[in-house]
Amino acid sequence: MEEGQTMQRGRAGMWPRWLAVVATLLITGLVTAGCGSDDDDSGGGSSSKSKDEPISKLAIVAPEKGNDYGYNQQGVDAAKKIASDRGIDLEVADGSGYEDIAPILRELATSGGAEFVIAQASGYNTIAPDVAEQTGVPMIVWDNPEANKPGVTANVSTESQEGAYLAGVLAAKTSKSGNLGIVISADDTNWNKMSGGFVAGARSVDPKVKIQLAQIGQAGYADAAGGRRVTETLIANGADVIFGMGDGSSFGMLEAVERADGVQFIDVIGDKTPIDKKHVLLSSVYWDLTGIYNDAIDDIGNKSFGKKDYVIDLANNGVSLLKTDQIDAKTWKEIQATRKEIIDGKIDIPLTEKKAQVEDLIAQG
């Protein structure tokens, strides 16, 4: 594989659904130029390392394509910005699937020449540490604090429930039916944490608000059809604000909301406003990964990489609530006041890392 060339890999069975989503968006003119493509290469950087930089080449491996307006794109966009800002080379291996990722990681770390690899999926968090140990190339993983090992691997964790609490406040203030829906693509740690935060935030506004929770499948991250089907069910049961979590499947959730009357959508991680032609996107629990990935590179240079977790939260702006035109000024001001209270430690948000904990929290209402 030549330096700077985007790797073209996908998982059988997952790709056809995702490609169908992208094809539909392209046909309808919804995917804007510049959001990422199969032909996108290094995304910035020069062939010679700056004297002040601890690495000369960065690589990122993502399970789905880097133009999904979600988790994959946030990671890829962060890597591109870092490479451009710091003058280092970048290799993007998006669309790498959810199965055995070891060969791709190993190739990037050896013949690919990467000196730091971002393993952009929680499903990679046990394989990547092994490959990092074998190759000597440091890698960052998600949702595995036990993976921290000096000079080898470091974990990223989130306080995503903080942003989701704000989303719950917004949803409860916006809903006319008093009925909210949560759709998750899988029993995923971050989805569970955000679901719990959302429930707590909504209940802080209206203790009697009805909340429905539905899961697409075991690993329905890219299942757009499933996302549409499950969301339609919640809407049929009266939900008029949908909080959806699920990479490619979120396009199906958004489509279901667009087809309904008087329903709005709260997304996660990315910003879908460029494709929100029906003006149903109320907000998103937005993640900015640039800061933590920059910090990781700095720590490689100062020999402290792997000694701590990297965390995104409200305080460091790694997590925020996206402001859209659908949110009125009064509500936004109230949300910002709540944000400050969370940062100041005045609001206790439940930590629900397991789906059963979310279900128990919902049942308490």
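All values derive from a computational prediction rather than experimental measurement. Side chains are part of it too, since the values below use all heavy atoms of this structure and drop only hydrogens, waters and symmetry mates.
- For CG of Asp344, the number of neighbouring non-hydrogen atoms (other residues, nucleotides, ligands) closer than 6.0 Å is greater than 12.
- No more than 12 heavy atoms of other residues, nucleotides or ligands sit less than 6.0 Å from atom NZ of Lys303.
- Gln212 and Asn179 form a side-chain donor-acceptor contact under 3.5 Å, judged by distance and modelled atom types alone.
- No side-chain donor-acceptor contact under 3.5 Å links Asp94 to the backbone of Glu64.
- No side-chain heavy atom of Lys308 sits under 4.5 Å from any side-chain heavy atom of Pro145.
- Atom OG of Ser177 is separated from atom CG of Asn237 by 11.0 Å, given to the nearest 0.5 angstrom.
- Heavy-atom neighbours of Asp325 CG from other residues, nucleotides or ligands within 6.0 Å: at or below the threshold of 12.
- Closest approach of Leu213 to Ser195, counting heavy atoms only: CD1-OG, 4.5 Å.
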Inset, instruction - Applying side chain to side chain donor-acceptor pair (under 3.5 Å), run through Thr158 and Trp287 and close with a yes or a no. - result: CA-CA 9 Å; Thr158 76; Trp287 294 7; 5.9 Å; no
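- Take Lys330 and apply the salt bridge (Lys or Arg N to Asp or Glu O under 4.0 Å) test, not counting sequence neighbours, and it matches Glu334.
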Inset, instruction - Evaluate ring-ring contact (aromatic ring centres under 6.0 Å, His included) for Phe305 paired with Phe116, printing each intermediate quantity in order. - result: CA-CA 11 Å; Phe305 180 82; Phe116 173 48; 5.8 Å; yes
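- Leu166 and Val311 end up in different hydrophobic clusters when Ile, Leu, Val, Met, Phe, Trp and Tyr side chains are linked at under 4.5 Å.
- Under the 3.5 Å distance criterion, with hydrogens and angles disregarded, no donor-acceptor pair is assigned to the side chains of Ser249 and Asp223.
- Linking ILVMFWY side-chain heavy atoms closer than 4.5 Å, directly or via other members, places Ile342 and Trp332 in a single hydrophobic cluster.
- Side-chain atoms of Tyr221 and Asp188 form a donor-acceptor pair, as typed in the model, at a separation below 3.5 Å.
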Inset, instruction - Starting from the C-alpha separation in whole Å, work towards a yes-or-no answer on salt bridge (Lys or Arg N to Asp or Glu O under 4.0 Å) for Glu133 and Lys149. - result: CA-CA 9 Å; Glu133 186 83 58; Lys149 185 173 183 179; 2.6 Å; yes
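- Residues Val263 and Ala239 share a closest heavy-atom pair of CG2-O, 4.0 Å.
- Considering all non-hydrogen atoms of both residues, Asn316 and Gly318 come closest at OD1-N, 2.8 Å.
- Aromatic ring centres of Tyr165 and Phe198: separated by at least 6.0 Å.
- When only modelled atom types and interatomic distance are considered, Asp288 and Asn317 share no side-chain donor-acceptor pair under 3.5 Å.
- The cluster map of Ile, Leu, Val, Met, Phe, Trp and Tyr, joined by side-chain heavy atoms under 4.5 Å apart, puts Met245 and Leu361 in the same cluster.
- Note: the hydrophobic cluster containing Ile292 does not contain Tyr286 (ILVMFWY, side chain heavy atoms under 4.5 Å, direct or indirect links).
- Checking side-chain atoms of Arg203 against main-chain N and O of Gln364 turns up no donor-acceptor pair under 3.5 Å.
- The two residues Gly97 and Tyr124 make their nearest non-hydrogen contact at O-OH, 2.5 Å.
- Of the N and O atoms on the side chains of Asp299 and Ser304, at least one donor lies less than 3.5 Å from an acceptor on the other residue.
- At least one donor-acceptor pair under 3.5 Å links the side chain of Gln215 to the backbone N or O of Gly217.
- A donor-acceptor contact closer than 3.5 angstrom is absent between the side chains of Thr273 and Asp276.
- Although no hydrogens or angles enter the test, the distance criterion places no donor-acceptor pair under 3.5 Å between the side chain of Glu341 and the main chain of Lys346.
- When all heavy atoms are compared, the tightest approach of Ile140 to Ala296 is CD1-CB, 3.9 Å.
- Tracing side-chain contacts under 4.5 Å through hydrophobic residues (I, L, V, M, F, W, Y), one never reaches Tyr293 starting from Val141; they form parts of separate clusters.
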Legend entry - Check against side chain to side chain donor-acceptor pair (under 3.5 Å), Tyr69 and Gln74: CA-CA 7 Å; Tyr69 295 95; Gln74 289 306 103; over 6 Å; no
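- Counting only N and O atoms by type, the side chains of Asp309 and Asn155 include a donor and acceptor under 3.5 Å apart.
- Counting only distance, with no hydrogens or angles, the side chain of Asn125 and the backbone of Trp142 share a donor-acceptor pair below 3.5 Å.
- Minimum interatomic distance between Ile127 and Ala102 (heavy atoms only, all atoms of both residues): CG2-CB, 3.7 Å.
- Legend: residues meeting side chain to side chain contact (heavy atoms under 4.5 Å, CB included) with Ala132, ordered by chain and number and at least two apart, are Met139, Val152, Thr153.
- Annotation: side chain of Lys193 is in contact with side chain of Glu353 (closest heavy-atom distance under 4.5 Å).
- In this structure, Lys272 forms a cation-pi arrangement with Phe251, its terminal cationic atom sitting closer than 6.0 Å to the ring centre and no more than 45° off the ring axis.
- Judged by distance alone, with hydrogens and angles left aside, the side-chain atoms of Glu162 form a donor-acceptor pair with the main-chain N or O of Leu314 at under 3.5 Å.
- Between the side chain of Thr174 and the backbone N or O of Leu170, at least one donor-acceptor pair lies under 3.5 Å.
- Here the side chain of Arg228 pairs no donor or acceptor atom with the backbone of Val257 at under 3.5 angstrom.
- In this structure, a donor-acceptor pair under 3.5 Å is present between the side chains of Asp240 and Ser175.
- No donor-acceptor pair closer than 3.5 Å links the side chain of Gln264 to the backbone N or O of Leu282.
- Of the possible polar contacts, one joining the Ser283 side chain to the Leu322 backbone as a donor-acceptor pair under 3.5 Å is found.
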